[in-house]
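As structure tokens, the structure follows; a few thoughts come after it.
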Amino acid sequence: MGIALLPEARGKGYGTQAHRLLTDYLFAHTRAHRIEGVTEAENLAEHRVLEKAGFTREGVMRGVFWRDGAYRDGVLYSLLRTDPAAGG
Amino acid sequence: MMAGMDDELTLQPVAEADLLIVERLTQDPASTGEFAWLGWYKLTRFRQWWAENGLIGDDIGVLMVVRDSERLGFVIWHKVSSTPGCYYWNIGIALLPEARSKGYGTLAQRRLAQYLFKHTTVQRIEAATEVDNVAEQRALEKAGFTREGVHRCTGWRDGAYRDEVWYSMVRTDLPG
């Protein structure tokens with residue numbers, strides 16, 4: 001999963017709420033066991049949001065993205081149906 | 001590792017007769033090993049891909065692991081897309097039961113990484129294996145891959161979700 005908020009909507013906690021709504025929705029309406037999110041290693045705001053939404057940091061995926069003229073590392077997070085934050 | 005062993009191991013395109021080995025290593029539970037028996041699935045797919053492009057396509061490729069003229073198994077890679085215009089390879093290996101535990105997996109995966117970095121522009125090559133598949137973890141580490149972390153429940157095998165260890169090699173890891 002991923003998210004994009006308008007500039008004026010950032011930094012207010014909406015991202016965390018939106019992640020929770022989406023993971024609740026997906027676990028309710030699909031049989032997926034795992035939901036993952038990957039963000040750039042330097043996108044600390046999104047790391048915080050994913051952690052607050054109950055995701056677990058699994059590792060750094062080196063050189064996984066190309067953006068703005070350079071390869072970028074990604075950080076992978078996951079939420080399992082059985083995790084406490086998913087009500088498991 | 002025996003001296004000179006590295007020189008004897010090559011990767012070669014799949015010949016028609018090799019398809020029997022590829023099928024045995026993906027469809028015969030007695031030959032796949034514990035971690036690669038995932039049920040029967042599209043049994044004719046390797047033959048179809050072979051008829052189309054010799055198992056060397058834009059998104060997926062297979063090469064035989066050969067020592068002298070003996071077939072030891074195969075290596076496989078497939079494309080993973082990330083950002084627009086950016087992709088990398090995910091690789092895997094299957095060796096015949098009698099070819100395991102001899103260091104061939106390490107050599108073959110190192111050879112494949114060298115081949116893919118040489119002939120494609122990717123920055124990253126990744127490989128994943130189950131947390132209990134210690135032999136493959138050792139092989140990847142000896143081949144020069146770096147352990148990145150454990151991805152939870154990314155595999156389904158034999159009635160249960162399985163955690164997998166992720167490894168990568170990036171172009172700048174290569175010596176010289």
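As the structure is a prediction and not an experimental result, all values here were calculated from the model. Basis for what follows: all heavy atoms, side chains included, without hydrogens, waters or symmetry-related copies. Order of the sequence lines sets the chain letters (A, B, ...), proteins ahead of strands, with each chain counted from 1.
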Could you tell me whether A:Glu51 atom CD has more than 12 heavy atoms of other residues or ligands within 6.0 Å of it? yes
Around atom CG of B:Asp68, are there more than 12 heavy atoms from other residues, nucleotides or ligands closer than 6.0 Å?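 Yes.
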Looking at CH2 of B:Trp156 and NE2 of A:His33, how far apart are the two atoms once the value is rounded to the nearest 0.5 Å?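 Rounded to the nearest 0.5 Å, the CH2-NE2 separation comes out at 8.5 Å.
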Distance (rounded to the nearest 0.5 Å) between A:Tyr71 OH and B:Arg171 CZ: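 The CZ atom of B:Arg171 is 7.0 Å from OH of A:Tyr71, to the nearest 0.5 Å.
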Is chain B contacted by the side chain of A:Val60, its backbone, both, or neither, given a heavy-atom distance below 4.5 Å? backbone
Side chains of B:Arg152 and A:Asp83, heavy atoms from C-beta outward: is any pair under 4.5 Å? yes
Find out whether B:Tyr88 and A:Met61 are in side-chain contact, i.e. whether some heavy atom of one side chain is under 4.5 Å from a heavy atom of the other.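 Yes, close enough: below the 4.5 Å cut-off.
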Go through the atoms of B:Val170 and report whether side chain, backbone, both or neither lie under 4.5 Å from a heavy atom of chain A.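 Both the backbone and the side chain of B:Val170 come within 4.5 Å of chain A.
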Taking side chain as everything from C-beta outward and backbone as N, CA, C, O, which of these in B:Asp163 sits under 4.5 Å from a heavy atom of chain A? Side chain, backbone, both or neither.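 Contact with chain A is absent: no heavy atom of B:Asp163 under 4.5 Å.
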Are [Y] and [X] connected in a single hydrophobic cluster, I mean Ile/Leu/Val/Met/Phe/Trp/Tyr linked by side-chain heavy atoms less than 4.5 Å apart?
X        : Y        : result
B:Leu107 : B:Leu11  : yes
B:Leu63  : B:Ile76  : no
B:Trp77  : B:Phe145 : yes
B:Val14  : B:Phe46  : yes
B:Trp49  : B:Leu112 : no

Which atom of B:Cys86 lies closest to which atom of A:Phe65, heavy atoms considered: SG-C, 4.0 Å
Minimal non-hydrogen separation, A:Leu80 against B:Cys153, with atom names: CD1-SG, 3.6 Å
Going by atom types alone, do A:Arg62 and B:Ser168 pair a side-chain donor with an acceptor below 3.5 Å?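 Looking only at side-chain atoms, B:Ser168 and A:Arg62 do form a donor-acceptor pair, the distance falling under 3.5 Å.
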Quick one: of B:Thr172, B:Val80, B:Thr83, B:Thr154, who has the most non-hydrogen atom pairs under 4.5 Å with chain A? B:Thr83
